[in-house]
Amino acid sequence: MYVAQQAREVESRIAQACLRSGRDRAEVKVIAVTKYVDEQVAREVLHAGYHRLGENRWPESAEKRERIGDAAEWHFIGQLQTRKVRGMVDKFAVVHSLDRWTLAEEIQRRAEAAGLRVKCLLQVNVSGEDSKSGVAPDEIIPLARKLRSCPAIELIGLMTMAPHEDDPEQTRPVFSGLRHCLATLNQAAIFDAPLTELSMGMSNDFEIAIEEGATYVRLGSVLVGKDK
Ligand SMILES: *Cc1c(COP(=O)(O)O)cnc(C)c1O
């Protein structure tokens, strides 16, 4: 009940943000972040109509991931230790948190061994905060060039986290900054086709992110509460 109610409210806020920015609702994909909740609440999320689920820890999320299985499309959104890649590379459809070359090498190695191609987003530290992981904007193009030697990694876009602001409007430069990073990367024409995905916006700031071009928003507490 709770999740369904929250989902209705979230949908209306997404629709309004799309309207304000002249975007089509279909361009914005919701990742329901289930890291705070158990399998039962995650199933409520599916029932409310969201089939993309986000987790940020491995192997802590393994049991939930296995029990729900492929009823969901699983997105990995957390910091990833290189030594944990082996067990998770075939469990997630998209990794949003590729943030260093050594991690790319390991994903390449393990995905290739498993006969997979893994969709990844480069995590960018747009705000420059020390506490945020991700590559600096000027490291994107050099890293993207190196990724051409990783055929088992399909780079699909960029991801960022904005600092928490009491006034979400303050996050706008971070999101427009990531959009500019993607445009600059695409101008460099490193890949055959332009990258299309911008993973940005969380419970506190998703409407601003949508106005600035988010194609994935990652919503946890606003959908599921924090300790339900
Ligand atoms: C937890 C988390 C989210 C969701 O956070 P909420 O503020 O609860 O919506 C989104 N993205 C990442 C990377 C996270 O770790």
Side-chain angles (χ1 to χ4, degrees), residues 2-3 5-14 17 28-38 41-42 44-46 48-62 64-65 72-81 84 88 91-100 103 119-135 156-172 174-175 177-178 181 197-228:
Y2 178 79
V3 174
Q5 231 166 56
Q6 293 299 106
R8 275 195 294 278
E9 164 138 9
V10 163
E11 279 305 310
S12 128
R13 290 172 61 185
I14 292 174
V28 182
K29 300 177 283 285
V30 172
I31 298 171
V33 176
T34 47
K35 67 185 187 194
Y36 312 112
V37 298
D38 61 13
V41 180
E44 280 182 50
V45 167
L46 291 175
Y50 298 117
H51 74 283
R52 298 179 187 88
L53 302 188
E55 288 288 336
N56 71 334
R57 299 183 77 189
W58 188 267
E60 290 82 351
S61 61
K64 200 191 307 171
R65 196 268 160 251
E73 178 182 285
W74 294 89
H75 290 249
F76 195 82
I77 62 171
Q79 238 184 0
L80 186 52
Q81 287 169 286
K84 293 184 175 164
M88 63 74 76
K91 308 293 186 198
F92 291 87
V94 184
V95 175
H96 290 242
S97 43
L98 177 56
D99 60 358
R100 58 198 191 276
L103 180 58
K119 290 187 165 69
C120 292
L121 294 96
L122 263 190
Q123 183 169 352
V124 182
N125 185 353
V126 178
S127 66
E129 267 187 310
D130 287 348
S131 61
K132 293 275 185 288
S133 51
V135 301
I156 61 171
L158 303 178
M159 179 273 224
T160 200
M161 284 173 84
H164 180 92
E165 301 282 358
D166 290 332
D167 173 11
E169 185 58 40
Q170 300 297 316
T171 60
R172 193 179 293 279
V174 173
F175 299 139
L178 193 70
C181 288
E197 305 299 330
L198 286 170
S199 172
M200 57 190 196
M202 307 177 16
S203 293
N204 189 53
D205 50 27
F206 68 92
E207 290 144 301
I208 307 290
I210 290 170
E211 290 172 16
E212 294 300 330
T215 63
Y216 283 115
V217 289
R218 309 178 307 268
L219 305 181
S221 44
V222 74
L223 270 180
V224 300
K226 253 190 182 162
D227 21 49
K228 291 202 76 217

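Whatever order the structure lists them in is the order used to number ligands and atoms, beginning at 1. Both backbone and side-chain heavy atoms feed into the values below; hydrogens, waters and symmetry mates do not. The shown structure was predicted, so the numbers you read here are calculated from the model rather than taken from an experiment.
The closest approach between V222 and ligand 1 stays at or above 4.0 Å for every heavy atom of the residue. A heavy-atom separation below 4.0 Å is not found between F206 and ligand 1.
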* Evaluate salt bridge (charged side-chain N to carboxylate O under 4.0 Å, His left out) for E60 paired with K35, printing each intermediate quantity in order. => CA-CA 9 Å; E60 290 82 351; K35 67 185 187 194; over 6 Å; no
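At under 3.5 Å, a nitrogen or oxygen of R218, whether backbone or side chain, sits near a nitrogen or oxygen of ligand 1. Where the criterion is an N or O separation shorter than 3.5 Å, residue side chain and backbone included, M202 fails it with respect to ligand 1.
Without hydrogens or angle criteria, T160 side chain to V124 main chain gives a donor-acceptor distance under 3.5 Å.
No side-chain donor from either of Q123 and S97 sits under 3.5 Å from a side-chain acceptor of the other.
Residue S199 holds its OG atom at 8.0 Å from CD1 of I77, rounded to the nearest 0.5 Å. Here NE2 of H75 is found 12.0 Å from CE of M159. Values are rounded to the nearest 0.5 Å.
Neither the backbone nor the side chain of H96 comes within contact range of ligand 1; no heavy atom lies under 4.0 Å. For L219, every heavy-atom contact with ligand 1 shorter than 4.0 Å involves the backbone, none the side chain.
Just one of K119, K29, H96 meets the side-chain hydrogen bond (donor to acceptor under 3.5 Å, both in side chains) condition when paired with E197; it is K29.
Of the candidates G201, G78, S203, S199, it is S203 that places a heavy atom closest to atom 6 (P) of ligand 1.
Within ligand 1, counting atoms from 1 as listed, the ones closer than 4.0 Å to a heavy atom of Y36 are 1 (C), 5 (O), 6 (P), 8 (O).
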